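Report on one structure; see the data block that follows.
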Amino acid sequence: MTLYTQLYRWYESEKRILPWRETDDPYKIWLSEIILQQTRVAQGMDYYLRLTERFPDVRSLAEADEDEVLLYWQGLGYYSRARNLHKAAKMIAAEAHRYAHGFPDTYEALRQLPGVGDYTAGAIASFAYNLPYPAMDGNVYRVLARLYDCDIAFDTSAGKKHFHQLANEILDTTEPRLFNSAIMEFGALYCTPQSPDCEHCPLRTFCLAAERNTVELLPIRKPRPTLRDRYLNYTLYINKENETLLHRREENDIWKHLWEFPLHETAEAQPHSVHSLSLTHILSHQRLHATFEVKKVEILPTIEGCIKVKINNLDNYALSRLTLKALETLRLN
């Protein structure tokens, strides 16, 4: 029995019903792939449903303002994905007449979209058009590392190239959509990071890591970078009309184009009052030490770049997950 037969039999029996698997709409498949680039399915599902309800096609997304797109993305993190999504939607809408489906329909055209790299383009091409390109995510890297007992770090340039070659070698070019869906699902549900059930694995016959007892050691990652510490000191001014100040981040830094309270960043931790809240927030390369100090004032100060907002209307602005967490704790409403 072939690897494909075993994998497909398992997949048909165990696969999850996911909305982006139940459609051949390239727009919705593209949207799901962007959401799932840095997000688990369980977290990404609600965002996918909300985004497709509000923006059912590429034109509706293209015609929205960026602030609204960011608001719908709020809490999902890696906001450059949302900005690139919006920019790409505008490009697609402007060029829709060039494509039979109103959407880029070749790997090369997909690769030109902002936020779409080699592997995301391959995934969209295979899922939307059944073109013979591998789809690569963390689950696929893990399955391939174990099947081939590969000890090359998959998250390096050389590693990504090597694993892409492995994926091309193993790809079922007659059924790329089915194969990519099945191998991704197998990694997500069965060939898990810790304690996979190798004894009963349907692919055990083909797995070099199971044969050599190296499953728990794979895949290999490059050493994680040292986190950079940053100290963010926010002030929540609140006047008697229950208004506060917000500032939109414009610099090329974290949370670009999101809104936040007036900020003073310092090189080290600062003394803070008993009326402040302290939170630590970890990003991929940074550890943020944030304080949120609430100040009740008669008149809001004039601060360049800040706008006046009713506390009850904060939900209308795209805020970082850190700010949302602070608001949940402070309960200003």
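Scope of the values below: all heavy atoms of this structure, side chains included, with no hydrogens, waters or symmetry mates. Position 1 is the first residue of the sequence, and the numbers go up from there. This is a predicted model, so every value here is computed, not measured.
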Indicate yes or no: at least one non-hydrogen side-chain atom of [X] is less than 4.5 angstrom from one of [Y].
{"X": "Pro196", "Y": "Arg146", "result": "yes"}
{"X": "Ser80", "Y": "Lys256", "result": "no"}
{"X": "Trp10", "Y": "Glu14", "result": "yes"}
{"X": "Phe206", "Y": "Gln6", "result": "yes"}

* Asked: When the aromatic ring centroids of Phe103 and Tyr99 are compared, is their separation below 6.0 Å?
  ->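 No; Tyr99 has its ring centre 6.0 Å or more from that of Phe103.
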* Measure from the ring center of His257 to the ring center of Tyr79 and say whether it is less than 6.0 Å. =>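 So the answer is no for these two rings.
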* To do: Check the side chains of Ser320 and Glu260 for a donor-acceptor pair under 3.5 angstrom, ignoring hydrogens and angles.
  =>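 Looking only at side-chain atoms, Ser320 and Glu260 do not form any donor-acceptor pair under 3.5 Å.
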* Give, for atom CE of Met91 and atom CD of Gln112, the distance between the pair rounded to the nearest 0.5 Å. =>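 Separation between the atoms: 7.5 Å.
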* Asked: In Å, rounded to the nearest 0.5 Å, how long is the span from OG1 of Thr323 to CH2 of Trp259?
  ->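 The CH2 atom of Trp259 is 13.0 Å from OG1 of Thr323, to the nearest 0.5 Å.
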Report yes or no: does [X] contribute a side-chain atom to a donor-acceptor pair with the main-chain N or O of [Y] at less than 3.5 Å?
{"X": "Arg81", "Y": "Leu76", "result": "yes"}
{"X": "Glu293", "Y": "Ser276", "result": "no"}
{"X": "Arg111", "Y": "Val116", "result": "yes"}
{"X": "Arg287", "Y": "Thr280", "result": "no"}
{"X": "Asn233", "Y": "His264", "result": "yes"}
{"X": "Glu216", "Y": "Ser195", "result": "yes"}
{"X": "Glu33", "Y": "Thr120", "result": "no"}
{"X": "Arg142", "Y": "Gly187", "result": "yes"}

With hydrophobic residues grouped by side-chain heavy-atom distances under 4.5 Å, do [X] and [Y] end up in a single group?
{"X": "Leu330", "Y": "Leu314", "value": "yes"}
{"X": "Leu327", "Y": "Leu263", "value": "yes"}
{"X": "Ile34", "Y": "Leu31", "value": "yes"}
{"X": "Leu3", "Y": "Tyr190", "value": "yes"}
{"X": "Tyr234", "Y": "Ile303", "value": "no"}

* Could you tell me how the ring of Phe163 sits relative to the ring of Tyr141: parallel (under 30°), tilted (30 to 60°) or perpendicular (over 60°)? =>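 Phe163 and Tyr141: perpendicular rings.
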Determine, for [X] against [Y], whether the closest basic-nitrogen to carboxylate-oxygen distance falls under 4.0 angstrom.
{"X": "Arg21", "Y": "Glu185", "answer": "yes"}
{"X": "Asp253", "Y": "Arg230", "answer": "yes"}
{"X": "Arg248", "Y": "Asp67", "answer": "yes"}

* Sole residue of Tyr47, Tyr72, Tyr27 in ring pair (Phe, Tyr, Trp, His ring centres under 6.0 Å) with Phe55 ->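 Per the ring pair (Phe, Tyr, Trp, His ring centres under 6.0 Å) rule, the option paired with Phe55 is Tyr72, out of Tyr47, Tyr72, Tyr27.
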* **Sole candidate of Arg228, His281, Glu265 that passes side-chain contact (heavy atoms from CB on, under 4.5 Å) when paired with Leu288** =>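 So, applying the side-chain contact (heavy atoms from CB on, under 4.5 Å) to Leu288 and each of Arg228, His281, Glu265, only His281 qualifies.
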* To do: Locate the shortest heavy-atom distance separating Tyr11 from Ser181; write the atom from each residue and the value.
  =>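 Taking Tyr11 first and Ser181 second, the nearest heavy atoms are OH-CB, 3.3 Å.
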